[in-house]
Asker: 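What follows is a single structure, and I will ask about it in a moment.
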Amino acid sequence: MMKKRKNSLYSWIKNGFLGLLILGGLGFALAGCGSSGVSGSETDSTPMFAASAEATVSALEEPESTALSPSHELPKLEAPAVSSEPEPAPEPDGRKKIALTFDDGPNGKTTERILKVLQENDAKATFFMVGNRINTYPDTVKKVYESGSEIASHTYSHFDLTKLNGSTLQYELTETNRLIRALVPTEPKLLRPPYGSVSAAVKNASPFPLILWDVDTLDWKTRNAEKTVENVLRSAHDGAIVLMHDLHATTADACETLIPKLREMGYDMVTVSELLAYQGITPQAGKVYN
Ligand code: NI
């Protein structure tokens with residue numbers, strides 16, 4: 001009995017040991033299954049990998065996009081440089097050129113009468129406008145622009161520039177340009193100092209070429225159309241810059257005779273910028289031309 005008990009105890013222990021081994025093996029196998037369940041964490045790591053792949057892609061794109069942005073900006077930087085290139089000098093055509101200029105406007109009715117005669121005669125002129133009149137006659141400014149005549153600056157307040165300095169002088173030199181820019185897609189490139197009054201300080205301060213004249217009609221003084229016509233015809237020559245004022249009805253009257261007459265005489269009536277270009281001159285800021 002005892003032996004049998006011993007035997008059965010032994011077999012129990014042996015079987016138990018085997019059982020433990022089997023259980024342990026099963027446990028190991030299960031643990032193996034469990035470790036294959038780690039593939040669940042692999043699937044978890046797949047989006048993680050994808051995310052890191054996306055991060056890698058975006059990390060690649062970022063330097064690409066920063067590499068692109070300067071090349072996007074380059075044309076922007078180049079564009080003004082191209083447009084600011086001086087226009088090539090026109091071919092000399094052997095025809096006489098004259099630049100009619102009108103100061104102190106714009107003035108609605110009289111300026112527009114002059115514009116009409118210019119257009120009827122395929123002629124252009126330069127209008128040196130006083131800044132503080134521009135917002136009173138915005139439509140006239142637009143008509144001058146549309147006609148192809150040149151809009152230039154005659155300062156903002158028509159002060160003698162030689163009596164000003166600092167920010168007051170700068171304002172007088174530049175404010176008209178700001179007002180013109182707000183109205184039409186252009187701005188004055190030339191400035192005529194009131195009274196033709198220029199000093200070294202004005203030349204130094206001016207961002208624009210300073211345009212004077214070589215034929216003075218004294219139209220403002222005589223207020224006589226016939227005398228204005230006579231004064232122009234007596235002094236007209238190839239390359240002349242003629243000074244008139246578009247504030248006066250007598251000047252508009254004079255233009256109705258003068259402009260067709262100049263055309264008959266073989267003159268091309270051009271803007272000051274065109275006249276200088278025909279003469280091969282690139283006007284410089286602060287330099288005086290007449
Ligand atoms: Ni003036």
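Note that this is a predicted model, so its numbers are computed, not measured.
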Asker: Just so I know, are the side chains of R181 and E187 near enough to count as touching, which here means a heavy-atom distance under 4.5 Å?
Answerer: yes

Asker: How would you list all residue pairs meeting side chain to side chain donor-acceptor pair (under 3.5 Å) that involve residues 254-264, not counting sequence neighbours?
Answerer: R113-E256

Asker: Can you name the side-chain hydrogen bond (donor to acceptor under 3.5 Å, both in side chains) partners of T110, sequence neighbours left out?
Answerer: N107

Asker: Applying ring-ring contact (aromatic ring centres under 6.0 Å, His included), can you list everything that pairs with H248, at least two apart in sequence or on another chain?
Answerer: none

Asker: Could you tell me which residues satisfy ring-ring contact (aromatic ring centres under 6.0 Å, His included) with F128, sequence neighbours excluded, listed by chain and number?
Answerer: none

Asker: Run the side-chain hydrogen bond (donor to acceptor under 3.5 Å, both in side chains) test against K97 and tell me which residues pass, sequence neighbours left out.
Answerer: D93, D268

Asker: Counting distance only, does the side-chain N/O of Y289 pair as donor-acceptor with the main-chain N or O of Q284 below 3.5 Å?
Answerer: yes

Asker: Could you grab the distance from atom NE2 of H158 to atom CG of D104, nearest 0.5 Å is fine?
Answerer: 4.0 Å

Asker: Kindly write out the residues that satisfy side-chain hydrogen bond (donor to acceptor under 3.5 Å, both in side chains) with T140, not counting sequence neighbours, or none if the list is empty.
Answerer: E112

Asker: Locate the shortest heavy-atom distance separating S153 from P188; write the atom from each residue and the value.
Answerer: N-CB, 3.6 Å

Asker: With no hydrogens and no angle check, is any side-chain donor or acceptor of S206 less than 3.5 Å from a backbone partner on F208?
Answerer: yes

Asker: Would you please name every residue forming a side-chain contact (heavy atoms from CB on, under 4.5 Å) with E226, sequence neighbours left out?
Answerer: N224

Asker: Listing request: all side chain to side chain donor-acceptor pair (under 3.5 Å) pairs with a residue in residues 233-247, at least two apart in sequence or in separate chains.
Answerer: T111-D246, D214-H237, D219-H245, N231-R234

Asker: Restricting to side-chain hydrogen bond (donor to acceptor under 3.5 Å, both in side chains), what partner residues turn up for T101, sequence neighbours left out?
Answerer: R192

Asker: How would you list, by chain and number, every residue that makes a ring-ring contact (aromatic ring centres under 6.0 Å, His included) with Y156, sequence neighbours excluded?
Answerer: Y171

Asker: Please verify the inter-ring angle class for F102 with F127; under 30° counts as parallel, over 60° as perpendicular, anything in between as tilted.
Answerer: parallel

Asker: Starting from W220 and following side-chain heavy-atom contacts under 4.5 Å between hydrophobic residues (I, L, V, M, F, W, Y), which residues can be reached?
Answerer: L218

Asker: Apart from Y137 itself, what residues make up its hydrophobic cluster when side-chain heavy atoms of I, L, V, M, F, W and Y under 4.5 Å apart count as a link, directly or indirectly?
Answerer: none

Asker: Between S147 and Q119, is the side chain to side chain donor-acceptor pair (under 3.5 Å) condition met? List the steps.
Answerer: CA-CA 7 Å; S147 77; Q119 287 176 295; 4.9 Å; no

Asker: Does this structure show an ion pair linking E230 with K227, if we count only N-O contacts that are shorter than 4.0 Å?
Answerer: no

Asker: Examine the side chains of D160 and S197 and answer whether a donor and an acceptor come within less than 3.5 Å of each other.
Answerer: yes

Asker: Checking T176 side chain against V130 main chain: does a donor-acceptor pair fall under 3.5 Å?
Answerer: no

